[in-house]
S.K.: 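Below are the structure tokens for one structure; questions will follow.
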Amino acid sequence: MLRVLHLAAVDEAGLLLLINDRGRRPGADGWVLPRCALTVPASSRQLVDALVRRTGGLTVLRYGTLVGHRWAGPPPGPREQHHVHLVRVRRDAAVPDLSARWVALGELPNGGFWGELTRFGGGYLQGWLPDGTIRLEWGDTPPSP
């Protein structure tokens, strides 16, 4: 089973960090949330911290208390589990990787993964989603916006 952690890093202006995954992995499709495989024995918090460090130029201000969760791939296909962790960050310096950009949630496409992320992130930032785990629904694997 594939388990993936997606980092939804939101800065003080409410902008979301995306990285350009094209060319980094076979089949990569462009702008995505920073992500990594969820592995044991690392905790989700350790992996979030590792992604923040790997991105560079960021300081975590607050870890979100809400986690988006999605199961995918009904039998007989492969199972996937996706976790989206919201983190409020401060940009200490320009993200050193030029293949990164910051976008407003409202600039993301309305459907699929990005529509779910917009509702999830907006609900958290506006305070109308409760703490805990929330189920996310989108079609295929997360596409680029």
Side-chain angles (χ1 to χ4, degrees), residues 1-75 77-105 107-108 112-145:
M1 173 173 55
L2 174 66
R3 297 173 64 219
V4 181
L5 182 139
H6 302 267
L7 175 67
V10 179
D11 73 1
E12 295 165 300
L15 300 177
L16 176 72
L17 174 65
L18 298 178
I19 60 168
N20 190 338
D21 212 20
R22 191 171 315 231
R24 292 184 187 195
R25 298 180 303 111
D29 56 2
W31 295 102
V32 297
L33 295 175
R35 61 187 173 204
C36 67
L38 272 167
T39 57
V40 177
S43 70
S44 294
R45 175 71 60 92
Q46 290 169 324
L47 292 172
V48 165
D49 287 339
L51 280 173
V52 168
R53 278 192 310 276
R54 191 171 74 197
T55 301
L58 304 175
T59 298
V60 173
L61 298 176
R62 185 176 75 220
Y63 294 93
T65 53
L66 180 68
V67 176
H69 180 259
R70 176 183 182 258
W71 281 98
R79 295 282 288 170
E80 293 181 6
Q81 188 179 34
H82 294 268
H83 299 262
V84 179
H85 287 260
L86 283 160
V87 178
R88 295 302 301 251
V89 297
R90 179 181 65 234
R91 290 197 246 178
D92 297 324
V95 175
D97 186 351
L98 295 177
S99 62
R101 67 177 178 162
W102 293 87
V103 298
L105 288 173
E107 294 176 21
L108 297 173
F113 173 77
W114 298 108
E116 281 291 286
L117 181 62
T118 299
R119 287 184 290 281
F120 173 68
Y124 174 73
L125 296 174
Q126 296 166 17
W128 53 265
L129 283 176
D131 293 348
T133 302
I134 187 168
R135 182 177 173 175
L136 300 177
E137 297 289 337
W138 66 77
D140 296 329
T141 55
S144 60

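Position 1 is the first residue of the sequence, and the numbers go up from there. Atoms considered below: every heavy atom in the structure, side chains included; atoms not considered: hydrogens, waters and symmetry mates.
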S.K.: First locate atom CG of Leu18, then atom CH2 of Trp114, and finally report the distance between them rounded to the nearest 0.5 Å.
M.R.: 5.0 Å
S.K.: Contact between Leu47 and His85 at the side-chain level, heavy atoms closer than 4.5 Å - yes or no?
M.R.: no
S.K.: Which heavy atom of Pro34 sits nearest a heavy atom of Ile19, and at what distance?
M.R.: CA-CD1, 3.9 Å
S.K.: Nearest 0.5 Å, what's the CG-NE2 distance between Leu7 and His83?
M.R.: 14.0 Å
S.K.: Using side chain to side chain contact (heavy atoms under 4.5 Å, CB included), reason through Val89 and Thr55 one step at a time and then give a plain yes or no.
M.R.: CA-CA 12 Å; Val89 297; Thr55 301; over 6 Å; no
S.K.: Looking only at heavy atoms, what is the nearest atom pair of Leu129 and Phe120, with distance?
M.R.: CD1-O, 3.5 Å
S.K.: If you round to the nearest 0.5 Å, how far is CG of Asp11 from CZ of Arg91?
M.R.: 4.5 Å
S.K.: Which atom names give the shortest non-hydrogen contact between Arg54 and Arg35, and what distance separates them?
M.R.: NH2-O, 3.2 Å
S.K.: I'd like to check Val87 versus Leu51 (side-chain heavy atoms, cut-off strictly below 4.5 Å). Are they in contact?
M.R.: no
S.K.: Which atoms form the tightest heavy-atom contact between Leu17 and Ala100, and what is the distance?
M.R.: CD1-CB, 4.0 Å
S.K.: What's the spacing between His82 NE2 and Leu33 CG if we round to 0.5 Å?
M.R.: 11.5 Å
S.K.: Let me confirm one number: the CG-CZ distance from Leu86 to Arg62, rounded to the nearest 0.5 Å.
M.R.: 9.5 Å
S.K.: Closest heavy-atom contact between Gly14 and Arg88?
M.R.: N-NH2, 4.5 Å
S.K.: What distance separates Thr59 OG1 from Arg90 CZ, expressed to the nearest 0.5 Å?
M.R.: 4.5 Å
S.K.: Shortest non-hydrogen contact from Ala8 to Val84?
M.R.: CB-CG1, 4.1 Å
